[in-house]
Amino acid sequence: MPSDSLRVGVLTGGGDCPGINAALRAVTKSLTLQHDAEVLGFLDGFRGVVDRNVEPLHYRDVSGILTRGGTILGASNKADPFNYLPRGGADVSAQVMRTYRTLDLDALVAIGGDGTMSIAHRLTDLGVDIVGVPKTIDNDLVGTDRTVGFDTAVSTATDAIDRIHTTAQSHHRVMIVETMGRYSGWIALHAGVASGTDVILLPEIEYEVETVADVCRDRERSGQRFTIVAVAEGARRKEGDYVVQERGDEYTDSIRLGGISRVLADQLREHLDTSIRTTVLGHMQRGGSPTAYDRTLATTLGTRAATLVAEGTTGVMVAVQNDAFTQVPLDEIAGKTRTVPLDDPLIASGLDVGTSFGVAVSDLSEAASHSKPASPIQP
Ligand SMILES: Nc1ncnc2c1ncn2[C@@H]1O[C@H](COP(=O)(O)OP(=O)(O)OP(=O)(O)O)[C@@H](O)[C@H]1O
Ligand SMILES: O=P(O)(O)OC[C@H]1O[C@](O)(CO)[C@@H](O)[C@@H]1O
Ligand SMILES: [Mg+2]
């Protein structure tokens, strides 16, 4: 169906998060209002591209979704066209190319996380013109300081830990709160510092059980008869393994992390008589209305993606670096994970206010001085 006007497909890949709808609204409104483009929305991420399950997106379709969590298009984290799980892991990228050409698309906007950007990069090599928009509560995409959804997840986790605080205090307990984030500890670090937790355990710093137990004991001795621990789902004890909730080809990465809070509780019980309770925040962190920050970030990144598509700059992801907006080539992002660097200023500030990161401060300072830039993690 040839057409003179710009035709752009848009999809939302990977796990959902607050602010995706705000980005979708920005992309669609900007393309239709400023560039007179036609916008087509694929349903359920790349699944919709493979199955050609697509709907036109008009201005009115994205009116009123700025504040709404989730994604009106639906998402899938099992629809990698190069390893298409609904068809036993087959390579169905040729089907993606057929859809792209049959619909006569000029470009595709992919709103997603690291997995989506890796797929986008491979499709770029096949001739698809793609612009990525970074979203994920995990904040683990390289090339951008912030991803849409992270700020809201941190707010939700902070609010939850604040609530845990009062019951911990009343019952003189050790309370362990488990956050999401896969192999990076951004949510635990930010929510932990924001809520003043006593211990923050990150995937980037393998913890020592004895050090965590010492913090609880020292607090009790000094009259503070409760301790709050924020633990990222990807955290593990020194020389220990990741705690995996489920394994299977149907899961992203073949591994679904989860359960470290209960493992840690059992480890601490070997050292403490104190009552210990655990809370897994889980998918609650992915829900709710986006914060003002996530709404403005999504709107800025979404409109910039539309502008890039209109001027023909593709093969990039829009990004924010040092408070300035920019774009990064997809080949610099694909297959990488942005972990928390040990010299992150928030770790230093946490240490300054007496927060433990589960290891001796001297060990941490030593490691920070040798810390390398973020690199891909092979679990
Ligand atoms: N390095 C990679 N290269 C190619 N495909 C990948 C890679 N990492 C993940 N994928 C695939 O990308 C798809 C989406 O990945 P994932 O579920 O991680 O979503 P995402 O876009 O990264 O968003 P989020 O991490 O926020 O959920 C999955 O099908 C996954 O198998
Ligand atoms: O949607 P699922 O398969 O439960 O995935 C959960 C994972 O997705 C995320 O919510 C976002 O990547 C991670 O923090 C978490 O480990
Ligand atoms: Mg991912």
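All ligand and atom numbering here is 1-based and tracks the order in the structure.
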Chemist: Distance check below 2.8 Å: does Asp138 bring an N, O or S atom to the Mg ion (ligand 3)?
Modeler: no

Chemist: Heavy-atom distances under 4.0 Å are what count here, so tell me which part of Cys17 touches ligand 1: side chain, backbone, both or neither.
Modeler: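 The answer is neither.
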
Chemist: For atom CZ of Arg269, is the number of surrounding heavy atoms from other residues, nucleotides or ligands below 6.0 Å larger than 12?
Modeler: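 Result for CZ/Arg269: enclosed.
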
Chemist: At less than 4.0 angstrom from any non-hydrogen atom of Arg256, what atoms of ligand 2 do you find?
Modeler: 3 (O), 4 (O)

Chemist: Would you say ligand 2 has an N or O under 3.5 Å from any N or O of Ile137?
Modeler: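 Such a contact does not occur with ligand 2.
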
Chemist: Counting neighbours of CG on Asp218 that are heavy atoms of other residues, nucleotides or ligands and sit closer than 6.0 Å, is the number greater than 12?
Modeler: yes

Chemist: Please say whether more than 12 non-hydrogen atoms of neighbouring residues, nucleotides or ligands are located less than 6.0 Å from CG in Asp352.
Modeler: yes

Chemist: In ligand 2, which numbered atoms sit nearer than 4.0 Å to a non-hydrogen atom of Glu233?
Modeler: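 Once the distances to Glu233 are compared, the set is 13 (C), 14 (O), 15 (C), 16 (O).
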
Chemist: If the cut-off is 4.0 Å to any non-hydrogen atom of Ala79, which atoms of ligand 1 fall inside it?
Modeler: 29 (O)

Chemist: Nearest non-hydrogen contact with atom 5 (O) of ligand 2 belongs to which option: Arg286, Gln245, Met180?
Modeler: Arg286

Chemist: Do Arg262 and Thr278 have a side chain donor and acceptor closer than 3.5 Å?
Modeler: no

Chemist: Among residues two or more places apart or on two chains, list those pairs meeting ring pair (Phe, Tyr, Trp, His ring centres under 6.0 Å) that have a residue in residues 140-160.
Modeler: Phe150-His190

Chemist: Pull out every atom of ligand 2 sitting under 4.0 Å from any heavy atom of Asn77, numbered as shown with elements.
Modeler: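 Counting from 1, the qualifying ligand atoms are 1 (O), 2 (P), 3 (O).
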
Chemist: Using a strict cut-off of 4.0 Å, indicate which atoms of ligand 1 neighbour a heavy atom of Thr116.
Modeler: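 Once the distances to Thr116 are compared, the set is 20 (P), 21 (O), 22 (O).
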
Chemist: Would you please indicate if the ring centroids of Phe226 and His171 are separated by under 6.0 Å?
Modeler: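 So the answer is no for these two rings.
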
Chemist: Do Arg277 and Ile176 have side chains that get closer than 4.5 Å, going by heavy atoms?
Modeler: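 Side-chain contact under 4.5 Å: no.
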
Chemist: Could you list which atoms of ligand 1 come closer than 4.0 Å to a heavy atom of Ile119?
Modeler: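 Result: 5 (N), 12 (O), 13 (C).
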
Chemist: Give the single entry among Asn139, Asp138, Asp114 that approaches atom 13 (C) of ligand 2 most closely by any heavy atom.
Modeler: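 The option holding the nearest heavy atom is Asp138.
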
Chemist: Output the list of atoms in ligand 1 that are nearer than 4.0 Å to some heavy atom of Gly113, sorted by atom number.
Modeler: 20 (P), 21 (O), 22 (O), 23 (O)

Chemist: Provide the number and element of each atom of ligand 1 under 4.0 Å from a heavy atom of Gly335.
Modeler: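 This gives 1 (N) as the contact atoms.
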
Chemist: Look only at interatomic distance and state if Gly112 has a nitrogen or oxygen under 3.5 Å from any nitrogen or oxygen of ligand 1.
Modeler: no

Chemist: Does even one non-hydrogen atom of Gly181 get within less than 4.0 Å of ligand 2?
Modeler: yes

Chemist: Does atom CZ of Arg219 have more than 12 heavy-atom neighbours from other groups under 6.0 Å away?
Modeler: yes

Chemist: Against ligand 1, does Lys135 come closer than 4.0 Å with any heavy atom?
Modeler: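 It does; at least one heavy atom falls under 4.0 Å.
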
Chemist: How does Leu257 reach ligand 2, by side chain, by backbone, by both or by neither, if only non-hydrogen atoms under 4.0 Å count?
Modeler: neither

Chemist: I'd like to check which ligand 2 atoms, numbered from 1 as shown, lie under 4.0 Å from a non-hydrogen atom of Arg182.
Modeler: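 Counting atoms of ligand 2 from 1, those under 4.0 Å from Arg182 are 5 (O), 7 (C), 8 (O), 12 (O), 13 (C), 14 (O), 16 (O).
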
Chemist: Side chain, backbone, both or neither: which part of His283 comes within less than 4.0 Å of ligand 2 when only heavy atoms are counted?
Modeler: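 Only the side chain of His283 comes within reach of ligand 2.
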
Chemist: Is a donor on one side and an acceptor on the other found under 3.5 Å between the side chain of Gln285 and the backbone of Gly282?
Modeler: yes

Chemist: Which residue from Gly15, Ser118, Gly149, Gly14 reaches closest to atom 4 (C) of ligand 1 through any of its heavy atoms?
Modeler: Ser118

Chemist: Is there a donor in the side chain of Thr303 and an acceptor in the side chain of Ser30, or the other way round, less than 3.5 Å apart?
Modeler: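 Side-chain D/A pair, Thr303 to Ser30: absent.
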
Chemist: For residues 130-146, tabulate all N or O donor-acceptor pairs below 3.5 Å that involve a side-chain atom, not counting sequence neighbours.
Modeler:
residue	atom	partner	partner atom	Å
Lys135	NZ	Gly13	O	3.3
Lys135	NZ	Gly15	O	2.4
Thr136	OG1	Asp138	N	3.0
Asn139	OD1	Thr147	N	3.1
Asn139	OD1	Thr147	OG1	3.4
Thr144	OG1	Arg146	O	2.9
Thr144	OG1	Val320	N	3.0
Thr144	OG1	Val320	O	3.4
Asp145	OD2	Asn322	N	2.6

Chemist: Is the distance between the ring centroids of Phe357 and Tyr207 less than 6.0 Å?
Modeler: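 Ring-ring flag for Phe357/Tyr207: false, centres at least 6.0 Å apart.
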
Chemist: For the Mg ion (ligand 3), find the closest N/O/S atom on Asp114 and give its atom name.
Modeler: OD1

Chemist: Is it true that Arg182 lies under 4.0 Å from ligand 1, counting heavy atoms only?
Modeler: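 Yes.
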
Chemist: Is it true that atom OH of Tyr59 has more than 12 heavy atoms of other residues, nucleotides or ligands lying nearer than 6.0 Å?
Modeler: no

